[in-house]
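Worksheet: the structure to be examined is printed underneath.
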Amino acid sequence: MSNFRINKTNFVDQTNRISFKFDGKTFFGFKGDTLASALIANGIHLVGRSFKYHRPRGIMTCGSEEPNAICQINDKSNLTEPNVRATEIELYEGLEANSQNCWPNVKFDIGGINNLISPFIPAGFYYKTFMWPKSFWKSVYEPLIRKTAGLGKSPIKPDPEIYDHKYVHCDVLVIGGGISGIISAKLSAKNNLNTILIDDKKELGGSTIFQENEIFKINNKISKDWLINEINEIKKLKNLQIKTRTSVAAYHDYNYLLARESLSDHLSKNEKDGFVRQRLWKIRAKKVIIATGAIERPLVFNNNDRPGILLASSINKYLNYFGVTCGLKNVIFTNNDSAYEVAISLNKKGIDVKIIDIRKRSESELIKETEKLGIKIFWNSTITSTFGYRKINSIEIMSLSEDGSNVIGEKNKISCDCLGMSGGWTPMVHMHTQSGGKLNFRETDQVFLPKEFSDNRISVGSSNGHFELDEIIKLTNDTVKKFLNIQETDLDDADISCSKELEKRNIWLLPNYISIGKNKSFIDFQNDSTAKDIKLAMREGFKSIEHVKRYTTTGMATDQGKLSNMHALGIIAETAAVKMGSLGTTTFRPPFTPLTFGTIVGRSVGKFFDIVRKTPMHEWHVKNNAEFENVGQWKRAWYYPRNNENMHQSVQRESKAARDSAGILDASTLGKIDIKGSDATEFLNRVYTNAWSKLSIGKCRYGLMLNEDGMVYDDGVTTRIDENHYLMTTTTGGAANVLSKLEDYLQTEWPELDVWLTSVTDHYATASICGPNSKKILKKLFSDIEFNDQNFPHMSFKNAKIGGIDCRIMRISFTGEHSYEINIEAKYGNSLWEKCIDAGKDFNITPYGTETMHLLRAEKGFIIVGQDTDGTMTPIDLQMDWIVSKKKYDFIGKRSLYRSDTMREDRKQLVGLLTDKPNTVLEEGAQIVHEKNNKPIEMIGHVTSSYFSPNLNKSIALAVVKNGRKLKGQKLLVPMRDQTINVTVSDFIFYDKNNERLNA
Amino acid sequence: MFLINCPYCGERDQSEFSSGGEAHIERPKQPTELSDDEWADFLFMRKNIKGVQFERWNHSHGCRKWFNLIRDTSNDKIHGIYKMGEKPPKV
Amino acid sequence: MLDIKLPEFEKKVYPDLELSLLEPSYKINLRGKNRDFFTKAGKLLSIMLPIESNTSANIKNINALWLSPDEWLIYGKDIDKNLETNLNNEISKLKYGSVTNVSDQWVIINFKGKNIFEVLSKGSPFNFNNFKGKKNVVVQTLLNHVDVILHHQEINDLNLFVRKSFSEHLWLWINDSSRFI
Amino acid sequence: MKNKYSIFSLFKNAFSGHENWQRAWRDPEPKKEYDAIIVGGGGHGLATAYYLAKKHNMRNIAVVEKGWIGGGNTGRNTTIIRSNYLWDASAGLYDHALKIWEGLSQDLNYNVMFSQRGVMNLAHNLQDVRDLKRRTHANRLNGIDAVWLNTDEVKKFCPIVNTSPNIRYPVLGGTLQRRAGTARHDAVAWGYARGADELGVDIIQNCEVKGIKRNGNKIEGIETTRGFIKSKKIGVVAAGHSSVIASMVDIRLPLESKPLQALVSEPVKPIIDTVVMSNAVHAYVSQSDKGELVIGAGTDSYVSYSQKGSHDVVEGTLKAILELYPIFSRMKMLRQWGGIVDICPDASPIISKTNIEGLYFNCGWGTGGFKATPGSGDLFAHTIANDEPHKLNAAFSLNRFVSGDLVDEHGAAAVAH
């Protein structure tokens, strides 16, 4: 294989040979190569197939705008990645890359057939067909379409690598490490501003760093040498952070930017061990300087997509940066001066090159030098076709008519093995627009430019439309001075010499003697959309650029239209004969270049996906074989299986024990809010539905909290600790929301109230002991307290000490059993718990989890907010009229209870359900009907809670049923998929209606 | 992510705050005197302005104080911040 | 007797960073706004409560952190239990404000070393650029989506407060992040 | 008469280099007066016009759009279509739409690529299970196909879902509606536009409504950037901008317009051939015919018309995606965007008359409007033509906010989006 590495450069270490595989074949490159430069050095251009027509495609650029050279790397390993640009992969030992979207291989691809039938599959063809017969869509057509979907393959193994996040705050962020970025960063940092300079390449310098032409000089140094010197200087500045291999992905409001730093993608497997793969920088900058440069434009002509056709400037970079020539017989096709630098470079390295220029003539210095070197220039000419299947081998050129709308004269064939095209330059305004900046259109060279600068964001250099060296330096210097109000800089009187472009001519779609309908002038190379497609879309009435884009898929490929959007706009403008500036652009959406999911997520994967909250007794539960239930972010003991019981068996055992003797529950997760202040009582009157004024000190009361819409929001027991001191408990899930809701009312609606709220949820551990023997157990624990009903009645509390430690005992019950809750400082929670277990041994005290708690409270007909309510239940619906104070003038949600719908008598209401077969347990969520044969079938409610009660030895359920209050004793049906279950409406208190056990 | 200047703690990232919607919708002092329509108006109806809107924010992960904020909802620019009970500044 | 059970966070050392648990410690939440409140609190604590936002005051073993215009966190390794009782009697009982023991509501993790803010910056959007260089500064913010109070008492010596039930998770996260600063 | 789209017309045109295709719709100047004007050229608005013309024989009507048709939420959503809603009213509404979807391509002679690849909703905690089972039972009795899948069945139906019991919120099961799926969003707007245009409807783009003229309690027409247009009936289908239009007649609606974000990955070969939604671990994903993973993120909590959302929402969504699909860690986000969704307190839409004669509103679709497009258009057309709601949208009146008779789909088991 011929070697195209003809040149030694400082950027590629030709002593450090690296082997890699492409499509299974081993090649060699050097440290410093990209996959693309290494392939070209090996004479490989054909690297992929296009999305729609599967046309052979070659490397076209040297950067992130690459549309063709995208591959699957490290296929089949857990480090594989689809759609990676060969132009961005830094070569490392052992890299394996494969071309995509072709079968059996890139040289011979069956899909190529699409190219032959291309006349029948124009833009949007699928909207027009695949409709008959109807059934074929699902069975035949869509599967066919989906087969063609996609480029690379998704990984199928989990990702072993680590992604990191970091916030950073700076005074000035400079995006882009080219010449204007370097100038800006230096000015900023020297001005004592904490500055960050970001560039996506592995080193700074942009395209100037390999610019060798003597015409371009700064203070009498060739621009390249001058810049290298500057780079060395800024590296010494202490308040300048330089981040290379880092690309800014998104520019959000308030100067919040996201940048991906690539830390180990350039390393081989053994080198990268332990490294973070990528770090996402979350940057807050007081000011941002955008210096993202410009991208060269392709030209749009027939067969402009063959392997061996590149952007002219890329040929230059491969030559002078990587030391690789893309061809031995080159043709440069251009409409501007910049490509002449490429021709001169090639010529000076002794490589054959010709120039085709659509302009009529120009006399700039560059052109004079070109002519001096004897390089052949075809003026006023265009390419009408190119030839060569897997690589270009020749072109056909013709002259342009006066107005450029047509071709004239002889067809002239020129043989070549590489074609460089340059349609001018497009400033990278993505960051500017992402940040909300508007654009102006400049007619002379047809570019969109930042319209306005804000006081915390500017653009400089070619991203601001300055393409001549002297402009770039002078204007960057001036703009930055103004932006950061700097008085004088050493660039103020820099002496700059460069060539000036004198002539401009731009034709978005180059004319041809072959009708547009029949030629292939590509605009979006990856998505295969051509000038013809754009014209078709417009013919069909798609006028807006967004419509055309969506209809033809132009600009929607993985390069996000970096090379195609402007041409699409231009051709629309030319076709509709309107000013291009009037069309507006398509929106540039983040990210600037595709961003790995892993990078966006960072460390929040696996065990860090979400917070885990644990109670002080958590480890005890684990040691005692508990299964856990997720309740919000809490882990709660669900049940405690003994010698391989299933859940049902455990729950039956636990709930029996709780009723027969004693059970103990970890209730630490309940929300606890400490309420103090002289208006505490009034406050409770306003937030709860019931009245609190008469609650005496030392007593507890159950409260129900509504939303303003009248629907049940939360519930819990609140204890009056002292005259102006209450302890409120909330549901586990509701804790945070209740506190902030109450704070909201206090701060914004009732600022006159003297009330202080403090969360003590985590401060206390809570052990709840229930059952007929609970009293005996507490006696053992608290010998100094009298536990008789006179001294310590139900719904009251006492301060107590255990082992010298203060705690609070509430005699309250969620199970219907005689029961106590002990609150103690969390650090003693585990110890208290173990003491309770010891004290309870003789009474077979049984730890029970949330499932048993749910069963026990259901037997007793206590609701669980969120399970028996769903945001549509009022207290009346729950048959809790008793808790809604008629006397109180107002409380949260009261007014809503008196609306026409909330007052309806036949609303869904809480009832009990008993299955006719006592052993049949209803499914929670099952729907309830009167009559299942009417169509449509009327659903009158659903089962909210359902269990087999070991204490009643039958199945019980809570349900909400339309008009339920009036249906007691009635038979209803629960139609399941396989059977219909007969049920009878009952009272929803199944157990100990008269509270004998509570007061026992 | 916005940068919000908490009147108590200073400039902080948006993630420390939670939005409380349109400001200056006072809870009726005498709800029972209101017609169903008036109550529905208080409960549900919103200006939902495109443009300069007065809204409530809470520094929920900081000092937990509520305050008012003036924001142009068409471009999310913040034009002013003032404490609860204070008169809104001119914009 | 009841045994104390503290989170099992044994001291960890990373490059220029040392993490350790600062428990048990005494913590009291103070709320109030009127003059009597300030004078009483000042007298009993023998320091004026800091009124400048995001700052702290301290004397001997007692630290007072500003949390909001009407909320402070008082903490220290070995504070006399009577302090709470006195504050209660002189403030809560007399309705000048509220005094609440929150010793176990929060767990304190101490950070020492030059890399404190390198680690915190991985999970907190707060701008530490100025904070870094100051002592006796306080910030309430988020760290890996968890509410935290940060008390920078001395340069490169910081106490992090996290709610007890979150502490184990956050401790793991902090240690994970410290591996690759 | 438009030339019919078919494989034959494609062939015929191929030989003329596709230079003889007709416009899909005209670009008319607004007339002085119409019998009805639809404000908003999204899918819902165009569908409304189409059915007004087709089923109610109103031909002198116009759709006015301030930008380009289908440029709002129609072109920005994740194209999920399902009807497995909890409440009878919702189920009726969305299943009506689903039935129309099933024959839409043929009816419009435009392939909207309605793909019934199924939608699966996952349950991650015990309350999820209760809620989703409740919904499944209700669906079944309402004649809507929906089945409950246990964890193994979930795995079988979509093998790439991480059903390990060791993840933070393990998959405890899920529901599946097989008739549900996705469609090509742009095609829906374009298909309805082409169909309506053929029936004589004027589709007027770049025409922004600046004011609404009324005489007492009667509508007289709209002031637009292209002049005053007379009409006695105005149907507003302006999604995120509904409140803006309403304010022109001093109406306040129970709406908040919030940012909703979505994103797509780079295209890859087919890897997931259904739609999977999760509420507790908030993420939903499907794969487009082009191969892109289409991922819906959540809404922000604040009102905004900026069509941008906060990055935390995107980060949170991808977090959830990687929890459920760890293999996607090395996939890349290609494009991210935001829309403005108008959300009702009960997460149900409004298809309603107003107290102004001749003014109708169709809004409040929140995050889930796309799926309803055909049904919404059909029912709104009926409401406008008869000045009376159809029985299927009677429950979705503005009055429900006064009576309290809400259709609370998020209080109940509705899945966000």
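Naming: A, B, ... by sequence-line order, numbering from 1 per chain. Because the structure is predicted, anything quoted here is derived from the model rather than measured. Side chains included, hydrogens not; waters and symmetry mates left out as well; all remaining heavy atoms used.
Only the side chain of A/S544 comes within contact range of chain D, judged by heavy atoms closer than 4.5 Å. Contacts between A/Y551 and chain D at a heavy-atom distance below 4.5 Å involve backbone atoms as well as side-chain atoms. In this structure, no portion of A/P936 lies under 4.5 Å from any heavy atom of chain D. Looking at D/D289, both its backbone and its side chain come within 4.5 Å of chain A, counting heavy atoms on both sides. If you measure heavy-atom distances from D/N166 to chain A, you find no contacts under 4.5 Å at all. No part of A/M711 comes within reach of chain D, as not one of its non-hydrogen atoms sits under 4.5 angstrom from that chain. Only the side chain of A/L258 comes within contact range of chain D, with heavy atoms under 4.5 Å apart. In this structure, no portion of A/S896 lies under 4.5 Å from any heavy atom of chain D. Contacts of D/S288 with chain A are made by backbone atoms alone, with heavy-atom separations under 4.5 Å and no side-chain atom involved. Both the backbone and the side chain of D/N142 come within less than 4.5 Å of a heavy atom of chain A. Of the atoms belonging to D/R184, it is side-chain heavy atoms, and not backbone ones, that fall under 4.5 Å from chain A. Of the atoms belonging to A/K543, it is side-chain heavy atoms, and not backbone ones, that fall under 4.5 Å from chain D. Heavy-atom distances place both the backbone and the side chain of A/K134 under 4.5 Å from chain D. In this structure, no portion of A/M903 lies under 4.5 Å from any heavy atom of chain D. There is no contact between A/R907 and chain D, counting heavy-atom distances below 4.5 Å. Proximity to chain A (any heavy atom under 4.5 Å) is shown, for D/Q287, by both the backbone and the side chain. Within the 4.5 angstrom heavy-atom criterion, only backbone atoms of A/A557 (N, CA, C, O) approach chain D. Contacts between D/I167 and chain A at a heavy-atom distance below 4.5 Å are absent for every atom of the residue. Both the backbone and the side chain of A/S604 come within contact range of chain D, with heavy atoms under 4.5 Å apart. In this structure, the portion of D/L322 lying under 4.5 Å from any heavy atom of chain A is its side chain and not its backbone. For A/Q867, the parts lying near chain D are the backbone and the side chain together; criterion is any non-hydrogen pair under 4.5 Å. Residue A/Q526 does not touch chain D at all, counting heavy-atom pairs closer than 4.5 Å.
The CD1 atom of D/I327 sits 7.5 Å away from atom CD1 of A/I156, with the distance rounded to the nearest 0.5 Å. Rounded to the nearest 0.5 angstrom, D/F11 CZ and A/I117 CD1 are separated by 8.0 Å. Taken from CG in D/N125 to CD in A/E629, the straight-line distance is 8.0 Å, to the nearest 0.5 Å. A/R589 CZ to D/M333 CE: the interatomic distance, rounded to the nearest 0.5 Å, is 12.5 Å. Here the CZ atom belonging to A/F125 is positioned 14.5 Å from the CG atom belonging to D/N13, to the nearest 0.5 angstrom. Atom CD of residue A/E161 and atom OG of residue D/S329 lie 8.5 Å apart, to the nearest 0.5 angstrom.
A pairwise comparison of heavy atoms in D/L141 and A/Q927 identifies CD1-CB, 3.6 Å as the closest pair. Nearest heavy-atom pair, D/V268 versus A/K153, reported as atom, atom and distance to 0.1 Å: CG1-C, 4.1 Å. Here the closest heavy-atom approach between residue D/G17 and residue A/K518 is recorded as N-NZ, 4.2 Å. Of all the heavy atoms in D/P270 and A/A149, the pair that sits closest is CD-O, 4.2 Å. Taking all atoms of both residues into account, the shortest heavy-atom contact from A/G925 to D/H137 is O-CD2, 3.5 Å. Taking each heavy atom of D/R330 and A/E81 in turn, the nearest pair found is O-CG, 3.7 Å.
A donor-acceptor pair is defined here as one N or O able to donate and one able to accept, closer than 3.5 Å; no such pair exists between the side chain of A/R146 and the backbone of D/G291. At distances below 3.5 Å, not a single donor-acceptor pair connects side-chain atoms of D/H18 with backbone N or O atoms of A/D533. At least one donor-acceptor pair closer than 3.5 Å links the side chain of D/R140 to the backbone N or O of A/P975. Looking at A/K138, its side chain never comes within 3.5 Å of a backbone N or O of D/S115 through a donor-acceptor pair. Between the side chain of A/H547 and the backbone N or O of D/I69 there is at least one donor-acceptor pair closer than 3.5 Å. D/E323 contributes no side-chain N or O that, together with a main-chain N or O of A/F609, makes up a donor-acceptor pair within less than 3.5 Å.
Counting heavy-atom pairs closer than 4.5 Å to chain D, the top residue among A/I600, A/T80, A/V943 is A/I600. Of all the listed residues (D/F8, D/Y169, D/F328), the one sharing the greatest number of non-hydrogen pairs under 4.5 Å with chain A is D/Y169. With chain D as the partner, the residue from A/I937, A/T902, A/L536, A/D610 showing the most heavy-atom pairs under 4.5 Å is A/D610. Between chain A and the residues D/A138, D/A14, D/S6, D/S9, the most heavy-atom pairs under 4.5 angstrom are made by D/A138. Per-residue counts of heavy-atom pairs under 4.5 Å with chain A were compared for D/R26, D/K308, D/M113; the largest is that of D/M113. In terms of heavy-atom pairs under 4.5 angstrom with chain A, the leader among D/W25, D/Y325, D/W148 is D/W25. Ranked by heavy-atom pairs shorter than 4.5 Å toward chain A, the options D/V129, D/L126, D/D88 are led by D/L126.
Less than 6.0 angstrom separates the ring centroid of A/F542 from the ring centroid of D/W190. In this structure, A/Y127 has its ring center at least 6.0 angstrom away from the ring center of D/Y5.
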### Task
Walk me through it: do D/K269 and A/N101 pass the test side chain to side chain donor-acceptor pair (under 3.5 Å)?
CA-CA 9 Å; D/K269 299 289 174 203; A/N101 205 39; 3.2 Å; yes
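With 3.5 Å as the limit, one finds no donor-acceptor pair spanning the side chains of D/E266 and A/T558. With 3.5 Å as the limit, one finds no donor-acceptor pair spanning the side chains of D/S403 and A/D901.
Residues satisfying the side-chain hydrogen bond (donor to acceptor under 3.5 Å, both in side chains) test with A/Y126, not counting sequence neighbours, are none. The ring-ring contact (aromatic ring centres under 6.0 Å, His included) test applied to A/Y254 returns B/F2, not counting sequence neighbours.
In the displayed structure, A/I514 atom CD1 is contacted under 6.0 Å by more than 12 heavy atoms of other residues, nucleotides or ligands.
Judged by the 6.0 Å and 45° rule, D/K290 forms a cation-pi pair with A/F51.
Ion pairing of D/E19 with A/K535 is absent here, as no side-chain N (NZ or NE/NH1/NH2) approaches a carboxylate O to less than 4.0 Å. Comment: A/E923 does not engage D/R130 in a salt bridge, judged by the lack of any side-chain N to carboxylate O separation of less than 4.0 angstrom. Between D/R23 and A/E540 no salt bridge is recorded (no basic side-chain N to carboxylate O distance below 4.0 Å).
In this structure, A/V612 and D/R168 have side chains that are in contact, with non-hydrogen atoms separated by less than 4.5 Å.
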